[in-house]
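This report concerns only the one structure given below.
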Amino acid sequence: MRWYYWTGLIAVVAVVAGYFYVQSRLSAPLMGDAQIAQMKEDIEAEDESAFVIPPPQPAEYPAANPLNNVYFGELHVHSSLSIDSYIFGNRLNSDQSYRFAKGQPVTSPIGGQMQLTVPLDFAAVTDHAEGFGQQRRCDDPESGEGIRWLCEQMENPSLSLFLQLREAAAQRPPAQPVETSAQEDEKAILFAQEAWAEIVAVADAHNDPGRFTTFAAYEYSPPLPGRGKIHRNVIFRGNDVPVSAVSAYDAPSEIDLWEKLNAGCQTPCEFLTIPHNPNKTWGLAFANHTIDGDAYTEADWRVRGSVEPLVEMYQIKGNSECSIGFSTTDEECNFEQFLPRCEEGQTVGCISPTSMARDGLKIGLELEDTIGINPLNFGLIGATDTHNSNPGDAEEWDYRGPAGVGSATAKRRLSPGPDGSYPNLMNNPGGLAAIWAPQNTRDALFDAMQRKEVYATSGTRIRLRFFASFDFEDGMADRPDVLETAYRDGTTMGGELEGVSRGAPKFLIWAMQDPLSAPLDRIQIIKGWTEDGETFEVVHDVACSEGRAIDP
């Protein structure tokens, strides 16, 4: 049974449910004045001369190309408008985030400079909708005692405040919000709508067709116990958007999210949703039911297939592509993998057979066998999910940690926490999204995302093309018109081939290293299929560097 509550209450007061009665439990702030002063000294003392740091490169603006250009960007980043980002000490807004994406340097919350070596081609700032309007409530002199208390707490970076608020929000349903008047509740809705309108306006202001593309966007963020999540980024084609951003307090599950987005998104409004961190969904990412146990109907699967063409498989919280032990023996799956397989009876803090992207793709094949459609035939992208307002900053030499002052210095990132663990070593700089499109505009990039002509990288700007066909001729790779032929006779990445009775297809693969990064080692194809009700996987090397022969 689905449940609905607090319809329209988007303000963060819903997130802080039930915690004003435990104010005395809040520990000291994450950073006091003395600690922040020490961190600033640590930043000044850091010596980065050991790194080979390329000088900033100018942006390039390729001409429109009917055979498509590749564009690199970021569809998952947080500014100070996200409450967790603000609590961690970030004060850089979405305007500064877009300026950073275009190549301008910014100063991190504690003092170090951040700057991309190569500007991005596109970006979307995806702040958490559950907090929209909260900062306006802090500026409102008519806010009540509870809201004023929260605003005071937010000014001091505090991990304990974040964890306690998150724990409340993870309850089903979330704990009751702080006591507010009817007038405050009405203002909360208005403030949230104003914040969303400002987000759309800032994205519009930075959108520069042919040079730099932005998207109106936000994150829908239901938390799970054990610091898990079943989150999705919502990306709109243009600035025709709903009046309100649908948050987890309006839509308990993804099915409700799609329903409310469709209801509020009138023509010509178009959107897509992108799930992220399947590795931390505790198996919900590709399960046949929602967070509340409601089974997917065939109609639900069809909606998912139409509005969710992509999955974010890599970011600062690790690899969500695959995990050894679930229908794979691929040793490459150990890359950036820090969660174990679920043991019998374990449901939180581990990887299940419905957690990872490769498993999701094979589950889609199983669904096609049973219900006749494949709603999980998705493309893959990378992102950062940084909470420092620095989209696309996936370069090792520019890494300042994922979240404000808590990880802003190298010394702190390499130091153990109170329990002896090293939480800041469980993150990485994240990845990028690559999109093949004829030009760098909202419509062209959005169309490419819908047709899934995209791929993920772990931060470098590897250039990759992939085509498949039953009609490719031998020696085609040597033709001077290879791309024209590939688009004419083949299917691009993300597409579907028809005619399985015609024998085995042929693939055309082309890859080039990032000129500012390491050489490529090999190209592989991972094949997944179903047979007699079971799924299988095999990894094929198709090209190796340094003249190495391929092991058949």
With a cut-off of under 6.0 Å to the ring centre and 45° to the axis, is Arg232 in cation-pi contact with Tyr220? no

Which residues satisfy the side-chain contact (heavy atoms from CB on, under 4.5 Å) test with Ser517, sequence neighbours excluded? Thr460, Asp514

With Ser79, which residues qualify under side-chain contact (heavy atoms from CB on, under 4.5 Å), at least two apart? Leu81, Ser94, Ser97, Val125, Asp127, Ser389

I want to check something: taking the side chain as every heavy atom from C-beta on, are Tyr71 and Pro62 in contact at a cut-off of under 4.5 Å? yes

Any idea how Tyr455 and Trp436 line up, ring-wise: parallel (<30°), tilted (30 to 60°), or perpendicular (>60°)? tilted

For Ala37, enumerate each residue passing the side-chain contact (heavy atoms from CB on, under 4.5 Å) test, keeping only those at least two apart in sequence or located in another chain. none

Listed by chain and number, what are the side-chain hydrogen bond (donor to acceptor under 3.5 Å, both in side chains) partners of Asp139, not counting sequence neighbours? none

Roughly how far apart are Glu219 CD and His276 NE2, rounded to 0.5 Å? 3.5 Å

Does a donor on one side chain sit under 3.5 Å from an acceptor on the other, for Glu74 and Thr384? yes

Tell me, please, which residues at least two apart from Pro242 pass side-chain contact (heavy atoms from CB on, under 4.5 Å). Phe236, Cys265, Cys269

Which is it for Glu155 and Arg91 under the salt bridge (charged side-chain N to carboxylate O under 4.0 Å, His left out) test, yes or no, and what are the steps along the way? CA-CA 10 Å; Glu155 291 305 316; Arg91 298 297 182 267; 3.8 Å; yes

Under 3.5 Å side-chain donor-acceptor pair for Ser244 and Gln193: yes

Can you see whether Tyr314 engages Asn428 through a side-chain donor-acceptor pair at a distance of less than 3.5 angstrom? yes

Will you find, in the side chains of His128 and Asp84, an N or O donor that is under 3.5 Å from an N or O acceptor? yes

Looking only at heavy atoms, the pair that brings Arg413 and Ser407 closest together is NH1-O, 2.9 Å

Any side-chain heavy-atom pair of Ile381 and Met313 under 4.5 Å: no

Check against side-chain contact (heavy atoms from CB on, under 4.5 Å), Ile274 and Leu75: CA-CA 9 Å; Ile274 307 175; Leu75 296 173; 4.2 Å; yes

Of all heavy-atom pairs between Gly420 and Pro416, which one has the smallest distance, and what is that distance? O-CB, 3.9 Å

Under a plain distance cut-off of 3.5 Å, with no hydrogens placed, do Arg237 and Gln450 share a side-chain donor-acceptor pair? yes

Phe215 and Phe446 aromatic ring geometry - parallel, tilted or perpendicular at 30°/60° bounds: tilted

Side-chain ion pair, Lys102 and Asp208, N-O less than 4.0 Å: no

So, for Ser80 and Asn90, which heavy atoms are closest and what is the spacing to 0.1 Å? CB-O, 3.3 Å

Asp95: salt bridge (Lys or Arg N to Asp or Glu O under 4.0 Å) partners, not counting sequence neighbours: Arg99

With side chains defined as the heavy atoms from C-beta onward, is the minimum distance between Leu150 and Gln134 less than 4.5 Å? yes

Side chains of Glu254 and Thr273: any donor to acceptor distance under 3.5 Å? no

My understanding is that only one of Asp240, Asp447, Asp204 makes a salt bridge (Lys or Arg N to Asp or Glu O under 4.0 Å) with Arg442; could you say which? Asp204

Taking Glu198 first and then Arg136, would you say they form a salt bridge - that is, a charged N and a carboxylate O separated by under 4.0 Å? yes

What one should report as the nearest heavy-atom pair of Asn69 and Ala63 is ND2-O, 3.0 Å

Do Thr441 and Asp443 have a side chain donor and acceptor closer than 3.5 Å? no

Please check if any side-chain donor atom of Asp398 sits under 3.5 Å from a side-chain acceptor atom of Gln115, or the reverse. no

